[in-house]
Amino acid sequence: MRILVLHGPNLNLLGSREQSIYGTTSLDAIDAGLTKLADELTVDVDIRQSNAEGELVTWIQEARSGYDGILINPAAYTHTSVAIRDAVLAVALPTVEVHLSNIQGREAFRHHSHVADVAVGQVSGFGAESYFLGLRGLHAHLTSSRRPRKTSAPVRKKRGR
Ligand code: DQA
């Protein structure tokens with residue numbers, strides 16, 4: 001199982017950026033935690049960060065070949081990017097959206113996500129843990145959707161004597 005992990009704009013500054021909201025954990029530390037968890041789950045993760053919307057869109061498109069799912073924190077593009085939403089719809093890969101902060105508890109402009117309704121689910125408000133919960137959720141979703149369908153044996157009616 002191979003998962004593409006995408007971090008959006010300004011997440012490269014985690015650790016120093018608005019610590020009261022985003023905490024003191026750096027992006028490198030989050031990536032190390034994701035890599036460790038991925039090993040436990042026996043999942044391959046490919047982790048990338050970009051400040052550019054187009055680059056994120058291109059990476060989502062490229063995930064069509066070779067990836068089973070996407071874990072994404074679109075950061076500010078969550079609230080603005082129809083292009084990222086459309087890319088997620090176009091590739092039709094199970095996608096989980098994560099946020100460090102609780103976007104519903106912040107400014108009104110952060111309450112809407114263009115990705116949430118096309119994602120499998122959203123994890124928001126648990127700091128770095130949101131990523132780990134998101135990866136576990138995506139892994140569980142992919143595992144259950146991969147399981148072969150149960151084919152129940154045809155029910156034979158007993159013949160009366
Ligand atoms: C964020 C929330 C967004 O509103 C914000 O623009 C970010 C980070 C989060 O992880 O809490 O950059 O996605």
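Ligands are counted one by one from 1 in listed order, and the atoms in each one are counted from 1 as well.
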Side-chain heavy-atom pair His7, Leu14 within 4.5 angstrom cut-off: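 Heavy-atom side-chain distance check fails, nothing below 4.5 Å.
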For [atom], what's the nearest protein heavy atom and its distance?
atom                    : value
atom 3 (C) of ligand 1  : His79 NE2, 3.5 Å
atom 11 (O) of ligand 1 : Ser101 OG, 2.6 Å
atom 9 (C) of ligand 1  : Leu100 N, 3.4 Å

Is it the case that ligand 1 has an N or O less than 3.5 angstrom from some N or O of Thr78?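 No; the residue has no nitrogen or oxygen that sits under 3.5 Å from a nitrogen or oxygen of the ligand.
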Counting both backbone and side chain atoms, is some N or O of Val98 under 3.5 Å from an N or O of ligand 1?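 No, since none of the N or O atoms of Val98 sits under 3.5 Å from an N or O of ligand 1.
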Under 4.0 angstrom from ligand 1, any heavy atom of Tyr22?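 Tyr22: in contact with ligand 1 (<4.0 Å).
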Could you tell me whether ligand 1 has any atom less than 4.0 Å away from a heavy atom of Ile103?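 Within the 4.0 Å threshold, so yes.
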Between the side chain of Asp68 and the main-chain N/O of Arg2, is any donor-acceptor distance below 3.5 Å?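 A pair under 3.5 Å: yes.
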Measure from the side-chain N and O atoms of Ser124 to the backbone N and O of His99, and report whether any donor-acceptor pair falls under 3.5 Å.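 A pair under 3.5 Å: no.
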Checking side-chain contact (heavy atoms from CB on, under 4.5 Å) between Thr35 and each of Ile47, Asp44, Val5, Ile30, which is the one that passes?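 Single pass found, and it is Ile47.
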I need the single residue from Leu56, Asn10, Asp31, Asn12 that forms a side-chain contact (heavy atoms from CB on, under 4.5 Å) with Gln49. Which is it?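 Running side-chain contact (heavy atoms from CB on, under 4.5 Å) over Leu56, Asn10, Asp31, Asn12 with Gln49 returns exactly one hit, Asn12.
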If I take atom CG from residue Asn73 and atom CG from residue Leu6, how far apart are they, to the nearest 0.5 angstrom?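 Between atom CG of Asn73 and atom CG of Leu6 there are 10.0 Å.
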The one among His99, Glu107, Arg106, Glu18 that brings a heavy atom closest to atom 1 (C) of ligand 1: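 It is His99 whose heavy atom sits nearest to atom 1 (C) of ligand 1.
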Which option out of His111, Glu97, Arg17 puts a heavy atom nearest to atom 12 (O) of ligand 1?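 The residue whose heavy atom sits nearest atom 12 (O) of ligand 1 is Arg17.
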Examine the side chains of Glu97 and Ser113 and answer whether a donor and an acceptor come within less than 3.5 Å of each other.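 Their side chains do contain a donor-acceptor pair, which is all the 3.5 Å distance test asks for.
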Which ligand 1 atoms does Asn73 reach within 4.0 Å, using its non-hydrogen atoms?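 Close to Asn73: 9 (C), 10 (O), 13 (O).
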Is the ring pair Phe109/His79 parallel, tilted or perpendicular, if the boundaries are 30 and 60 degrees?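 Rings of Phe109 and His79: perpendicular, as their planes differ by over 60°.
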What part of Arg110, side chain from CB on, backbone N/CA/C/O, both or neither, has a heavy atom under 4.0 Å from ligand 1?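 Just the side chain.
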